[in-house]
Amino acid sequence: MNQKYEFAEIEAKWRNIWAGQKADKAVHDPNKKKFYLLEMFPYPSGRIHMGHVRNYAIGDLLGRFYRMNGYNVLHPMGWDAFGLPAENAAIERGTHPHKWTLQNISAMREQIKALGVGYDWDREIATCHPGYYKWTQWFFLQFMKKGIAYRKKTFVNWCGKCHTVLANEQVEDGACWRCDTHVVQKEMVGWFLKITDYAEELLADLELLAGKWPDRVLTMQKNWIGKSVGAKVKFAVDGASESIEVFTTRPDTLFGAMFVCLAPEHELTKKLSAGGTEEAKVAEFLKTVAKQDTLARTSEDAEKLGVFTGRYAVNPMNGEKIPVWSANFILAEYGTGAIMSVPAHDTRDFAFAKKYNLPIRRVVLQEGEDEKAPLESAYSGDGLLVSSGNFTGMNNREAVPKINEFLKTAGAGEGSTVYRLRDWGISRQRYWGSPIPVIHCHKCGVVPVPEKDLPVVLPTDANLLSEGRSPLPELESFLNVQCPRCGADAKRETDTMDTFICSSWYYHRYTSPRCESAPALREEIDYWMPVDKYIGGIEHAILHLLYARFFNKFCRDIGLLKADEPFSNLLTQGMVIKDGAKMSKSKGNVVDPDDILRRYGADTARVFILFAAPPERDLEWDDSGIEGSHRFVTRVYRLFAKWIPELRDFKGGGDAPDAELRRMRHVTIKRFTLDVRDRTHFNTAIAAGMELLNFLADYAPKNDDDKAELKGTLLDYLKVLHPFMPFLTQELYSEFGYGEYLTTVKWPEYSEAFTVSDVQTIVVQVMGKVRAKLEVPVGTPEEEIKKLALVQEKVVQAIGSGTVKKIIVVPGRLLNIVF
RNA sequence: GCGAAAGUGGCGGAAUUGGCAGACGCGCUGGACUUAGGAUCCAGUGGGCAACCGUGGGGGUUCGAGUCCCCCCUUUCGCACCA
């Protein structure tokens, strides 16, 4: 065999062979236990970057590992192919998003193939393909049927640069998640999905994921859903027919409510002040608030501003008339958009009352406190109720259900739960996305496109407009259509769907990617789902992962599948950074994967990336580190080049080989198995591989038994290394005379008994400090070890004239002499 | 401000249950081979001359602490008027 490691040749050779054999094809087989492995599919931006390489290297390693361990592995790849960058790039370059996207897909597919990732390419999907988005649209129709998709006019997040609306999840610190442009509020009509119908289940089922998803992600989702338990209470407006409904988490403090506060956007703010003494002041106030930036207005340290509306509300508990205010810190979209203010027991209300000189009344007291004593700050803790009518004297927490009951009887409210989660705004005023399949008819109103007419094809001949606006509203051939209900002239909806919809169900589609009768075949989807390991970046902690969970639950509810949760296990990989910063063109610290592959080959690139850090941690790219990994891969090659000619045809040998060689063999298999399967820490597995290499490099067999053991060790070594460096190991396996695809070869087993040496080192400590080490045969009696330890020169010295009080023994490891 | 995670040699990182801190690799030093070395191989490499000292700092528990407890510092991330 070639003495030199020609990685380019080796990798090209096996890439072709595997592709020709469709070696990584996944086939539904109910008799085999399945393993669905998935990396978050990429946006086809044009080139892969190191983050992708890391993502796929981790995925491929696990895919091959589980296959070798007897699982039927589904490991697919596809493209999140709709989205804004395609449009922007197309405008810039004078091409078309469709063409640009398809070109990018071909280029990136080649790059990924070069990495040697064992995907089942027959299952490749692209969300911009009509065969795919037909079903995206179909889902929209199902949502409509169930009343989950609806249209409303409301204030939405508008990104001026992207020229489109954004969902709440897509706004980060008041800026567009994609381009960082400051988001403004704009009132417009759009489509929404009632994800809030699933708020409780999305929250509760996080329990099912505990321990299997990173805690960080679970916490983020929990906070995002933001459940609050409390009560809704109606305050009648004095001298008016309206009443104000407020939400509070503290119905126990109702008797301390000194005023009511409306959000400026609340319809009653204008209505109640109209014609009253405060009308002008309220109007002025609303103008000021309108000018305030949303982000600034809702930040904690923003100045609290308010205005009296001139009206009074009646507290249903005690009939007390309290003033109605409007305040800038009240959010129209949370709860009911109105609150009752209890300055004594809420920090914000306290500050507000102080500022506008409003009264404060304590209704929850700690033991021994004086009700009349002035408050320095709000007390939000527990205690006994005072000044609370029939509830006076009760423990505040115990009073809550009783007060709720009273409210209900009085018709003034009831216990209630609200969520911070808002409905998902999915209309996008852009072109390169899936059309929303509805038609607007003068007579019939909004009419869904009949399922048989799907897909509503996105025309690929549209001329893009330079300012980014969608060409669809001006494209007559797309726009004009007959109403499917009455046949009259009608117009198509020109908004497209948020691309997060496309990515909310792609993992279902992989299970039967060419199915034409449904999004996926029931028996396929129920066999493969849920995804057993999902690998991707933490940046989707809320966005994609929340949307996908919602979609999956909806799919379950309409009878498409049975899994409650789509992703049983989530691995969030860290970023690839260089010089302490995320790789980016603007920082000029980008390492091009192609360049690395050309210089070192895919096996080296993978080994480096897996070795440099455990997967969830950020990985610091290091040019000399990759040299080191290349050295390791090359040394592996040379080791085999040395032994294969001699061992290839060697047969025979007995079962009494060199114990140390045998121990190294079993220890290595054990470490690989546990590190990959249980810990998903690949860096330590590679370290074990390096240790075995260091051992084998100096090893010389003394007899045929040793030779047989060495051959077995080398073959096992190839197997455990295979998921890390598939090309090289396959080449060496074949040089050894074996024909099979290594990924289909059984993962080696280790014997616990062979992992232990027959001598062991016992550390001898005196008062916790290491003074000596003893080499003793396994099974040496404790008494004998103690005796030996006590005569060690260093031990005698350390004890000096002291008397030994006790000796602590950790069997097989350590001995601590206390005096 | 609140919450979470992290802090270990010059660097990336090991130490799985409280039991030899620094595995493995990078880098560095010296050597071998060589016309040459940015190839390869060998040896060494936490600090200190030593006793000893060392896992962000300070206390504690324990025969024994990187690991457990308390206080503090730093970094990263998340949340941040949510009634």
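Predicted model, so just to flag it, every value in this text is computed and none were measured. Worth knowing before you read on, the calculation uses all heavy atoms, side chains too, and leaves out hydrogens, waters and symmetry mates. Just so it is clear: chains get the letters A, B, ... in the order the sequence lines come, proteins before strands, and each one is counted from 1.
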- Stepwise salt bridge (charged side-chain N to carboxylate O under 4.0 Å, His left out) check, A/R216 with A/E616: CA-CA 12 Å; A/R216 281 201 317 143; A/E616 61 277 5; over 6 Å; no
TODO: Using the side-chain contact (heavy atoms from CB on, under 4.5 Å) rule, take A/Y717 and A/V636 through it: C-alpha gap first, then chi angles, then the decisive distance, then the call.
DONE: CA-CA 10 Å; A/Y717 193 31; A/V636 169; 4.1 Å; yes
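One can place CD of A/E627 at 18 Å from P of B/G37, the figure rounded to the nearest angstrom. Rounded to an integer number of Å, the gap from CD1 of A/I538 to P of B/U76 is 17 Å. Rounded to whole Å, the distance from CZ on A/R631 to C1' on B/C26 is 8 Å. Distance CD (A/E616) to P (B/A6): 11 Å, rounded to an integer number of Å. One can place CD of A/E172 at 13 Å from C1' of B/C77, the figure rounded to the nearest angstrom. Put simply, CE on A/M767 is 16 Å from C1' on B/A65, counting in whole angstrom units. In this structure, A/I686 atom CD1 and B/A23 atom P are separated by 17 Å, rounded to whole Å. At whole-Å resolution of the value, CD1 in A/I626 and C1' in B/G38 are 16 Å apart.
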Heavy-atom contacts, protein to nucleotides 15-21 of chain B, under 4.0 Å, summarised as B (base), S (sugar-phosphate only) or - (none) per nt, yield S---BB-
Given protein heavy atoms under 4.0 Å, the one-letter contact record of nucleotides 78-83 of chain B, with B base, S sugar-phosphate only and - none, is simply SSBBBB
Nucleotide by nucleotide, nucleotides 42-50 of chain B touches protein heavy atoms under 4.0 Å in the pattern (B base, S sugar-phosphate only, - none) ---------
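For A/Y356 and A/F259, the ring centers sit 6.0 Å or farther from each other. Aromatic ring centroids of A/Y600 and A/F608 lie 6.0 Å or more apart. If you look at A/F724 and A/F672, their ring centroids are closer than 6.0 Å.
Listed by chain and residue number, nothing satisfies the side-chain hydrogen bond (donor to acceptor under 3.5 Å, both in side chains) test with A/E414 (two or more places apart in sequence, or in another chain). Not a single salt bridge (Lys or Arg N to Asp or Glu O under 4.0 Å) links A/R422 to another residue, sequence neighbours left out. Under the side-chain hydrogen bond (donor to acceptor under 3.5 Å, both in side chains) criterion, A/D252 pairs with A/R250, A/N396, not counting sequence neighbours. Applying the side-chain contact (heavy atoms from CB on, under 4.5 Å) rule to A/K578 yields the partners A/M583, A/N589, A/V591, A/W621, A/D623; only residues at least two apart in sequence or on another chain are considered.
Take the nearest nucleotide of RNA chain B for A/A688 and for A/D215: the residue whose nucleotide is more 5' is A/D215.
With rounding to the nearest 0.5 angstrom, the CE atom of A/M317 is 10.5 Å from the OG1 atom of A/T253. Interatomic distance, OG of A/S341 versus CD1 of A/I360, reported as 11.0 Å (0.5 Å rounding).
Taking 90° from 0 as the syn/anti boundary, the base of B/G25 is oriented anti.
Spacing of P atoms, B/C70 relative to B/A4, comes out at 12 Å, to the nearest Å. B/A21 and B/G7 are spaced 16 Å apart, taking the C1' atom of each and rounding to whole Å. When the P atom is compared between B/A51 and B/G37, the two are found 40 Å apart, to the nearest whole Å. Atom name P, nucleotides B/U16 and B/G1: the rounded distance is 35 Å, in whole Å. Spacing of C1' atoms, B/U74 relative to B/C26, comes out at 27 Å, to the nearest Å. B/G9 and B/G44 are spaced 15 Å apart, taking the C1' atom of each and rounding to whole Å. The separation of B/A6 from B/G66, taken at their C1' atoms, amounts to 13 Å, rounded to a whole angstrom. Taking the P atoms as reference points, B/U40 lies 43 Å from B/A65, given to the whole Å.
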Polar atom pairs between nucleotides 9-12 of chain B and protein, under 3.5 Å, N or O only, would you list them?
from, atom 1, to, atom 2, distance (Å)
B/G12, O2', A/A612, O, 2.7

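Within the structure, the salt bridge (Lys or Arg N to Asp or Glu O under 4.0 Å) test picks out the following pairs touching residues 341-353 of chain A (sequence neighbours left out): A/D346-A/R348. The stretch residues 224-235 of chain A participates, sequence neighbours left out, in these side chain to side chain donor-acceptor pair (under 3.5 Å) pairs: A/E169-A/W224, A/E200-A/K227, A/S228-A/Y334.
Looking at RNA chain B, the stems built from 3 or more consecutive Watson-Crick or G-U wobble pairs, each pair with its key distances under 3.5 Å, are B:1-7 with B:73-79, B:10-12 with B:24-26, B:27-32 with B:40-45, B:56-60 with B:68-72.
Annotation: cation-pi geometry satisfied between A/K304 and A/F329 (NZ/CZ under 6.0 angstrom from ring centroid, within 45° of ring axis).
Ring-plane geometry between A/Y5 and A/H630 is classed as tilted, the angle between the planes lying from 30 to 60 degrees on a 0 to 90 degree scale.
Across all their heavy atoms, A/M258 and A/I322 have their closest contact at O-CB, 3.3 Å.
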Review item, side-chain donor-acceptor pairs of residues 760-775 of chain A, under 3.5 Å, at least two apart:
from, atom 1, to, atom 2, distance (Å)
A/T761, OG1, A/E775, OE2, 2.9

